[in-house]
Amino acid sequence: MVILMHPSPGLYAAVLHVFNRAAPRSRSLASTWTDLTQELTEDQTESLPAAIKGVLPLLRGDVERMRFAAKIAARFDLYETADTVAHLADDTEDRYLLLIAASLSGNPAVDSSLRARIRQTVGADPAVLIRLDHHYPPTTSEEKLLYQQCWPGGPTDPAPFPLPPVVVLDQGFDARSLWRLASRLNKAGAVIKRLAPNSDLPPWFGPRTVLICEPKTGVRVKSKYPTFPHKQIITKPHLPEHDHQLNGLLMEVNAQLPDQNKLPG
């Protein structure tokens, strides 16, 4: 079960303001994320996923803006918003939102009842089911590529071309540092996954994956995936606060990746 911090009215207002002034066709996701996070206090950063979850239904009058907000949630693996995105997808019959809801629900921190509800709604739809469940077997070449994108540690044939690196972030770190690092990783071209402390460990841990975590999380991942290379687990007591330290951490991430999967940015 996802536990959300309660946002303040001021945080709701700030998030709504950012999304209302964003121009989805010209404003990048990265720039909008910076607008959402740069002035927040530590308490507010803890509550940011809940604030975005609360604001999403208020955007339903503007489909393009609502999709843009949902896409930001997916880009930063804000799995806390999954049930709201799924409800909006059902209510508006919007397949784009349904695909995002399935992607968010692939994070094991999401309640299994939501995955079951989406599965029941879509029937035999591979594009949704692959995003939702790593047990769903891909058959076509397109489905296999999608599976590799969603489950980089899952058993599939090699990708026909290089795929972006995946960086799994331990939620044991403080939220402000985590979101700052996530912003830099996103700008550098990484796929971001968030690992909740008490959730299951999905097959994210493959050749193009780096885990940034506290030491105890590294032990937990190695116990589940003993063949995952130790060098691809970067353990830190806390995340860096200054730009030059963040640059050093990104260089450390890049050093652990195969040449074809290094950060492009």
Side-chain angles (χ1 to χ4, degrees), residues 14-15 18 22 26-49 52 68 71-79 107 148-149 152-153 159 161-197 204-222 225 228-265:
V15 170
V18 168
S26 59
R27 186 71 170 165
S28 71
L29 292 173
S31 298
T32 302
W33 180 256
T34 298
D35 292 343
L36 285 167
T37 58
Q38 64 181 350
E39 301 296 334
L40 299 183
T41 66
E42 177 60 31
D43 287 344
Q44 288 175 326
T45 52
E46 290 280 359
S47 307
L48 183 60
I52 294 175
F68 184 74
K71 189 174 180 180
I72 285 179
R75 179 70 61 90
F76 292 94
D77 198 19
L78 304 184
Y79 59 79
N107 190 308
Q148 290 167 333
Q149 293 171 329
F161 48 80
L163 292 172
V166 177
V167 180
V168 180
L169 300 178
D170 182 5
Q171 278 184 246
F173 296 120
D174 73 272
R176 183 159 51 185
S177 298
L178 187 75
W179 293 140
R180 194 159 180 256
L181 174 58
S183 179
R184 292 294 298 275
L185 288 166
N186 173 64
K187 289 178 181 178
V191 173
I192 296 164
K193 298 290 185 182
R194 291 166 64 222
L195 187 60
W204 291 339
F205 303 96
R208 59 189 179 95
T209 306
V210 172
L211 168 65
I212 302 176
C213 64
E214 295 181 324
K216 62 182 180 181
T217 303
V219 172
R220 186 161 72 100
V221 169
K222 282 292 286 185
Y225 296 102
F228 185 58
H230 187 74
K231 70 182 184 68
Q232 290 170 228
I233 301 176
I234 300 175
T235 57
K236 301 286 182 183
H238 52 78
L239 293 177
E241 298 180 5
H242 303 293
D243 284 342
H244 72 277
Q245 294 172 319
L246 279 173
N247 290 338
L249 181 53
L250 263 64
M251 290 175 64
E252 193 174 350
V253 168
N254 236 9
Q256 314 314 320
L257 292 165
D259 288 342
Q260 69 271 22
N261 300 120
K262 289 189 183 300
L263 293 167

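Count residues from 1 along the sequence. Source: prediction; values computed, not measured. Heavy-atom basis, side chains included; hydrogens, waters and symmetry copies ignored.
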### Task
Classify the ring geometry between W179 and W33 as parallel (under 30°), tilted (30 to 60°) or perpendicular (over 60°).
perpendicular
### Message
Could you check whether any side-chain heavy atom of T235 comes within less than 4.5 Å of a side-chain heavy atom of I233, counting everything from C-beta outward?
### Response
yes
### Query
Crowded around Q260 CD? As in, over 12 foreign heavy atoms under 6.0 Å?
yes
### Message
For L263 versus L257, what's the shortest heavy-atom pair and its separation?
### Response
N-CD1, 4.4 Å
Mind listing the side-chain donor-acceptor pairs of residues 166-176 below 3.5 Å, one per line with the distance, residues two or more places apart or on another chain?
| from | atom 1 | to | atom 2 | distance (Å) |
| --- | --- | --- | --- | --- |
| D170 | OD1 | G172 | N | 3.0 |
| D170 | OD1 | T217 | OG1 | 3.4 |
| D170 | OD2 | E214 | N | 2.9 |
| D170 | OD2 | T217 | OG1 | 2.7 |
| Q171 | OE1 | Y79 | OH | 2.7 |
| Q171 | NE2 | Y79 | OH | 3.3 |
| D174 | OD1 | S177 | OG | 3.1 |
| D174 | OD2 | R176 | N | 3.4 |
| D174 | OD2 | S177 | N | 3.0 |
| D174 | OD2 | S177 | OG | 3.1 |

### Heavy-atom side-chain proximity of Q44 to T41 below 4.5 angstrom
yes
### Summary
Shortest non-hydrogen pair, R180 vs D243, comes out as NH2-OD1, 2.7 Å
### Message
Tell me whether R184 contacts the main-chain N or O of L250 through its side chain, where contact means a donor paired with an acceptor under 3.5 Å.
### Response
no
### Message
If I take atom CG from residue D77 and atom CG from residue N186, how far apart are they, to the nearest 0.5 angstrom?
### Response
12.0 Å
### Query
So which heavy atom on P264 is nearest to which on A188, and how close?
CD-O, 3.1 Å
### Query
If you round to the nearest 0.5 Å, how far is CG of L29 from OG of S183?
11.0 Å
### Query
Atom CG of L48 and atom CG of L40: how far apart are they, to the nearest 0.5 Å?
6.0 Å
### Query
So, does Q232 use its side chain to make a donor-acceptor pair with the main chain of P229 at under 3.5 Å?
no
### Message
Ignoring hydrogens, what is the shortest heavy-atom contact between R194 and L78? Give both atom names and the distance.
### Response
NH1-CA, 3.5 Å
### Query
Any idea which heavy atoms bring T32 and A22 closest together, and the distance?
OG1-CB, 4.2 Å
### Query
How long is the gap from CG on L211 to NE2 on H230, to the nearest 0.5 Å?
10.5 Å
#### Entry: Short side-chain to backbone donor-acceptor contact, R220 and P197, under 3.5 Å
yes
### Query
How about N107 and W204: do any of their side-chain heavy atoms sit closer than 4.5 Å?
yes
### Task
Could you please spell out the steps behind the side chain to side chain contact (heavy atoms under 4.5 Å, CB included) verdict for I234 and L249?
CA-CA 9 Å; I234 300 175; L249 181 53; 4.1 Å; yes
### Query
Quick check: does any side chain N or O of N261 sit under 3.5 Å from a backbone N or O of P207, one acting as donor and the other as acceptor?
no
### S28-S31 side chain donor-acceptor pair, cut-off 3.5 Å
yes
### Query
Under 4.5 Å between any side-chain heavy atoms of T34 and K187, yes or no?
yes
### Message
Using 0.5 Å steps for rounding, measure from the CG atom of L195 to the CD1 atom of I212.
### Response
12.5 Å
### Task
State which residues pass salt bridge (Lys or Arg N to Asp or Glu O under 4.0 Å) with K236; sequence neighbours excluded, sorted by chain then number.
E252
### Query
Is it the case that more than 12 heavy atoms not belonging to K71 sit under 6.0 Å from its NZ atom?
no
### Message
Quick check: do Q149 and L163 have side-chain heavy atoms less than 4.5 Å from each other?
### Response
yes
